[in-house]
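See structure below.
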Amino acid sequence: MKYLLIPLLVVSGNVFAKSCPLEILTNLPESIYANGAEYDIFSSKTKIKQAKSKICIEKTNIGLAAHKFESTGVSVTIKGSLLGTELYTAWIHNPTEKIEVNAVTHIAKALCPNYCGYYEYQALINNPNVIAAAKKYDEAILPNPEVVQNRDAYFAIKNKVLDPIRYLELDISKFDKPSPNFVELDIDDFIDPYSGSAKYFYSKSHYSTLFRERFFELRNKSDVISALSNTKKRALLKPLEKEAKAILSPEKWQDLPKQISAINKKLEQTGEEAAIEIAKVFNQAYIEVNKDYNAFYNSKSTQFSPLTDPKLNFEDIVANWSRYAYYYAKKPEKFSQLFSENYKRVYARNLNQDRQRDRSLSGLIALADRVGIISPENGYNKVKYEYNLVNAVKEGNTYSFEDAFERIIFVYEKGTWRLDDVIKATTQGAKLPK
């Protein structure tokens, strides 16, 4: 069996025998390929010179993304018209290791032309009605090679085969509208799936800034300024100046109470009224800002229907969560409540350093909008359909799912399903980190 070469893309025959990242096959009668047939993948073309052919492709060279709704098309093209006729086509997704480009993959691709989910496409390929239609397609086309030289005749036959099974194509317009309706939010902001999501959380530095600003506001309202106008009193506090400046720019918010307690003891030991007043200001600034901090990271007051239903299916959780997150990404108080306390404690505060998780989250936030082609309302149902086909595991109050694309975990916490973790693969074949 001959190994065809696509320039820069195809692995050599010796390597093919040992390890092939992606094997593409097709089987054509001589009456078809003799007219001029070629593989067309990612703008590279290779002539098909025999009935049974296969090529070996490096996945990294064909534009594959580690995303279940993104794929690269491959076609077996027959020359004869200006543009050529695609006799067979197929979608290639990231986990694909071997695919035969034939009538079944062709009909399935025609039924799923845009943002075709990996599991949706697999379901179509294995659908008995698609397989039966593919057989009719081959019976009408292969014995009549002249048909592929005439695009009008070819598409007439193709449409005749497809029309009886058009109902298999996912028609999101026939689905129920997602509830609740978010039209009243009037949000025009676009959430970039690739830009990361750390900016949608209040970070440690945000609260450090709030604390510093609040300290100076309270200090300026107190008698501290007038007291420090006294040179002798200011000199008594000079040794604590460096320590005070460090507290006003804390590295770890969690360590701030101990730092404040330590300096306040020293301030109070001076016996100076101004020092005691500064200690009070430190305490008051921390109490006020920490209240906001706890409200952001620990509040569970917002209820997100239908995520409040503990019996909700996994696909409904993913679809609804994505819509809520998209609409509330610019509203931090509500956005934060879509996450478990574990996520906010372990991951949210470190997203700037963990770029893989950072972008994984922005990808999930923008998922419904992205696959709905800039319409999260339409994408909602496409997401729901795709995740209905996966094998998610429910254990107690936890739903988890992992495949070659991603790992997603939701927990039912304080009356609502909340995201506990999401991490997506970044390169072809890369394993997800633990």
Side-chain angles (χ1 to χ4, degrees), residues 3-12 15-16 18-26 38-46 53-77 86 88-102 104-106 108-126 192-196 355-364 366-367 370-371 373 379 382-383 386-387 389-390 401-408 422-433:
Y3 304 123
L4 302 176
L5 299 179
I6 293 180
L8 303 178
L9 298 184
V10 178
V11 178
S12 66
V15 178
F16 187 100
K18 298 177 181 178
S19 175
C20 179
L22 174 60
E23 185 179 343
I24 301 175
L25 310 88
T26 196
E38 58 189 8
Y39 288 107
D40 189 341
I41 178 170
F42 208 59
S43 300
S44 291
K45 298 181 179 182
T46 298
S53 64
K54 64 179 177 180
I55 56 176
C56 187
I57 303 292
E58 283 285 1
K59 289 185 179 182
T60 54
N61 294 327
I62 60 171
L64 277 179
H67 189 292
K68 58 168 45 69
F69 287 96
E70 291 187 8
S71 53
T72 293
V74 56
S75 64
V76 171
T77 303
E86 292 182 331
Y88 295 145
T89 60
W91 284 127
I92 301 170
H93 291 82
N94 187 42
T96 307
E97 295 180 350
K98 180 178 180 179
I99 188 165
E100 181 174 351
V101 188
N102 56 28
V104 175
T105 61
H106 184 54
K109 185 174 182 291
L111 294 171
C112 192
N114 299 308
Y115 282 106
C116 190
Y118 174 72
Y119 296 100
E120 179 182 359
Y121 190 54
Q122 296 303 310
L124 285 169
I125 288 174
N126 292 288
D192 186 343
Y194 301 105
S195 65
R355 295 298 293 153
Q356 188 171 357
R357 272 193 169 82
D358 188 31
R359 292 180 179 178
S360 296
L361 178 56
S362 61
L364 184 60
L367 182 60
R370 187 181 187 186
V371 303
I373 310 179
K382 195 164 181 64
V383 171
E386 177 73 4
Y387 282 93
L389 300 171
V390 307
F401 168 70
E402 182 172 340
D403 64 2
F405 297 103
E406 63 195 352
R407 177 168 64 249
I408 304 178
V422 58
I423 189 156
K424 296 177 179 291
T426 56
T427 58
Q428 294 79 10
K431 292 184 178 180
L432 294 172

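Shown here are the side chain to side chain donor-acceptor pair (under 3.5 Å) partners of Asp403, two or more places apart in sequence or in another chain: Lys68, Tyr119. Partners of Lys109 by salt bridge (charged side-chain N to carboxylate O under 4.0 Å, His left out), not counting sequence neighbours: none found. Checked against side chain to side chain donor-acceptor pair (under 3.5 Å), Asp358 has the following partners two or more places apart in sequence or in another chain: Ser197, Arg355. Contacts of Ala123 classified as side-chain contact (heavy atoms from CB on, under 4.5 Å), with partners at least two apart in sequence or in another chain: Leu389. Evaluation of the ring-ring contact (aromatic ring centres under 6.0 Å, His included) rule for Tyr118 yields His93, Phe405 as partners, not counting sequence neighbours. Among residues two or more places apart in sequence or in another chain, the salt bridge (charged side-chain N to carboxylate O under 4.0 Å, His left out) test is passed with Glu120 by Lys382. Take Tyr387 and apply the side chain to side chain donor-acceptor pair (under 3.5 Å) test, not counting sequence neighbours, and it matches Glu406. Residues forming a side chain to side chain donor-acceptor pair (under 3.5 Å) with Thr96 (at least two apart in sequence, or on another chain): none. The side-chain contact (heavy atoms from CB on, under 4.5 Å) search around Thr105 returns Ala90, Ile99, Val101, Asn102, Tyr121, Ile125, not counting sequence neighbours.
Within the model, atoms CD1 of Ile57 and SG of Cys20 stand 8.0 Å from one another, a figure rounded to the nearest 0.5 Å. Remark: Leu25 CG to Ile55 CD1 distance equals 9.0 Å, nearest 0.5 Å. Here Phe42 contributes atom CZ and Thr72 contributes atom OG1; the two are 6.0 Å apart, rounded to the nearest 0.5 Å.
The heavy-atom pair separating Leu124 from Cys112 by the smallest distance is CD1-CB, 3.7 Å. The minimum heavy-atom distance linking His106 with Thr89 is given by the pair ND1-OG1, 2.7 Å. The minimum heavy-atom distance linking Ala425 with Ala66 is given by the pair O-CB, 3.2 Å. Between Lys424 and Leu364, the shortest heavy-atom contact is CE-N, 4.1 Å. Closest approach of Ser75 and Thr77 over heavy atoms only: OG-OG1, 3.2 Å. When all heavy atoms of Val383 and Phe69 are compared, the closest pair comes out as CA-CZ, 4.2 Å.
Leu367 places none of its side-chain heavy atoms less than 4.5 Å from the side chain of Pro193. Side-chain atoms of Ile62 and Leu22, non-hydrogen and from C-beta on, do get closer than 4.5 Å to each other.
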Would you please test Ile24 and Ile92 for side-chain contact (heavy atoms from CB on, under 4.5 Å) and show each step? CA-CA 10 Å; Ile24 301 175; Ile92 301 170; 3.9 Å; yes

How far apart are the C-alpha atoms of Thr46 and Glu38, what are their side-chain angles, what is the distance that settles it, and do they pass the side-chain contact (heavy atoms from CB on, under 4.5 Å) test? CA-CA 5 Å; Thr46 298; Glu38 58 189 8; 5.9 Å; no

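Residue Glu100 places its CD atom among more than 12 non-hydrogen atoms of other residues, nucleotides or ligands, all under 6.0 Å distant.
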